[in-house]
Protein chains: 2
Amino acid sequence: MAVYTEPTDEELATLLNAWGLDGLRNFKGIAEGIQNSNFLIEVRQGRFILTIYEKSVVLDDLPFYLGLTETAANAGLPAARPIRTQDGEMVQMIRGKPTSLCTFLDGVSSQHPPSSQTRAAGAALAQLHLALADYPQKRPNDLGPHNWSELWAGRAAHSEDLEPGIAPSIDQDLKEFAANWPRDLPRGIIHADLFPDNVLFLGDRVNGLIDFYFACEDFLAYDLAVMLNAWCFEANGREFDLVKGRALIMGYETVRPLSQSERNALPLLARGAALRFFLTRLVDWVTPMDGALVRKKDPRDYAARLAFHRNARSAADYGAPE
Amino acid sequence: MAVYTEPTDEELATLLNAWGLDGLRNFKGIAEGIQNSNFLIEVRQGRFILTIYEKSVVLDDLPFYLGLTETAANAGLPAARPIRTQDGEMVQMIRGKPTSLCTFLDGVSSQHPPSSQTRAAGAALAQLHLALADYPQKRPNDLGPHNWSELWAGRAAHSEDLEPGIAPSIDQDLKEFAANWPRDLPRGIIHADLFPDNVLFLGDRVNGLIDFYFACEDFLAYDLAVMLNAWCFEANGREFDLVKGRALIMGYETVRPLSQSERNALPLLARGAALRFFLTRLVDWVTPMDGALVRKKDPRDYAARLAFHRNARSAADYGAPE
């Protein structure tokens, strides 16, 4: 929500020159991204987003993320295209920090997307999965099921303070995941964080898929499970919206139909995804933050979702057509 | 440097509807302004800046500020034009906070403007003074000479910690201002804060005059004295750049020549302007801030400027042609 590194005039000129851009018309810091500095740049050649990566993004992972959005853009998806320098590099350094430039995407995210947008986003997710099917780089899901026990260790007391009675249920969730988490579903590159704020719309059309910094290799259906959590509940997580669930799944299936085993796994995957966001929010909730202006997200929204998923029996409980 | 109030989708739709705007394409929080929330909005009708005023701006003063930038725009100056609602209002309320929408201005501010830009900015200041000559609303300069003693009261020890030996000099400055501050120079509406970050350029052309929230009635030449401080010193304030000083004054005088009494007063006005920024920076420096991300500005830069002004004898010391 802030700009941490402000380039000097000279640094900006050097960067633009390496990208072969000129005729600077606008340069404004934008309040996007929690841990990077982002700027809207307009030059003679068009509009771009400049990102200066602060400590949170590892330099070694950048070719994975930037290559991903480039591959998606090349496949015709509305993803930002990284601009290469005249030497072919996707990253320049400024004061020791990696810096990238990507095409600007028009569009506006919705805080409460209607089912028409939810359907379109589901279709876009499936298109993304297909577009990235042959992506050569790999990155493990370091917020996946193998990491949840570790994230949970030592947090039971904190979570009980927030939501009395939840700790034993989470112990039980973890036991069931250890026994029953699927092993052989279709895998590929997933976005892993396609929340409504990462999808830009023009009307009901998806015009931007952004923020690939959690992308990794995992089950494709897990990505859909993340979206069931993020798009199809009322704000406090207590009520699942069957109409939106159906729109999301049907949108996805217009592009890539789910297999029967993916459908069968959906309740467990959705429960796992809810636990993943509950746990990372819980960690943030109890960790003091540097910047007083960062708003923390309430883990309890995901505790309520977890309760729903524990009772779900089949994909039909999420609105999937029989 | 941050966004404090984020409108909901519904609030934004209501606002846009009252302004008669539609076809939302972009909506991004921008990291501008220290105490307001600003957003870049693009709709079918064009690009605009939405400002939600936090507690720092008094609702009663808004018609003064917004009327000012509208008057300047009507006179052909590159100032933002406030958009009126279909009921003719320049301000809408959102969650009890006043909100305005102004046209977006292309252009980029310079951290170290060259003399070509400094000259253009001087001319723009004089054009602004002429354009606002008949402005009907009034607002006193509440950071003017009458307020400096109060701002200074009780700060001597703090300022000595920062810059040993400065306190007696400031006592002396205040004595001289009390005795010699001019009484009968040409008055009018001044911007009072036309620092380089408040002027947007396309090349050497001034394409944006922004941030009128310190504007008030005072001596016109005092506005030029503020700019001599802000535009014509090296970064640490120790060295005055005569070439830039001459460019600024000559630029101003291409539009509005200074009277002999204004020229004579320039060293004292410049010293007063330096004290004003020294004092407000000093107050900020020793006041704990809410948001850890706000970068404070070092008062010592203005202590060095003050030392220069105490030795200046005439407008020629600032580069004014004889």
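Every chain is numbered from 1 and lettered A, B, ... according to where its sequence line falls, protein lines coming before strand lines.
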So for P7(A), is it side chain, backbone, both, or neither that comes closer than 4.5 Å to the heavy atoms of chain B?
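Contact with chain B involves the backbone of P7(A) alone.
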Can you tell which part of F104(A) gets under 4.5 Å to a heavy atom of chain B, answering side chain, backbone, both or neither?
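Looking at F104(A), just its side chain touches chain B.
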What distance do L40(B) atom CG and K28(A) atom NZ have between them, rounded to the nearest 0.5 Å?
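If we round to the nearest 0.5 Å, L40(B):CG and K28(A):NZ are 8.0 Å apart.
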Just give me the residue among N207(A), L105(A), L24(A) that pairs up with chain B most often, heavy atom to heavy atom, under 4.5 Å.
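So the answer, after comparing N207(A), L105(A), L24(A), is L24(A).
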Of the listed residues (T8(A), N26(A), L12(A)), which shares the most heavy-atom pairs with chain B below a 4.5 Å separation?
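Top count of heavy-atom pairs under 4.5 Å with chain B: N26(A).
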Before giving the answer on side-chain contact (heavy atoms from CB on, under 4.5 Å), spell out for R25(A) and V108(B) the whole-Å C-alpha distance, their side-chain angles and the decisive distance to 0.1 Å.
CA-CA 6 Å; R25(A) 292 183 67 80; V108(B) 187; 5.7 Å; no
D106(B) backbone acceptor or donor facing E42(A) side chain under 3.5 Å:
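The answer is no, because no donor-acceptor pair under 3.5 Å joins these two groups.
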Check whether D9(A) reaches the backbone of Q111(B) with its side chain - one donor and one acceptor, N or O, closer than 3.5 Å.
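Judged by distance alone, yes, a pair lies under 3.5 Å.
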Is E239(A) atom CD crowded by more than 12 heavy atoms from other residues, nucleotides or ligands, each under 6.0 Å away?
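Open.
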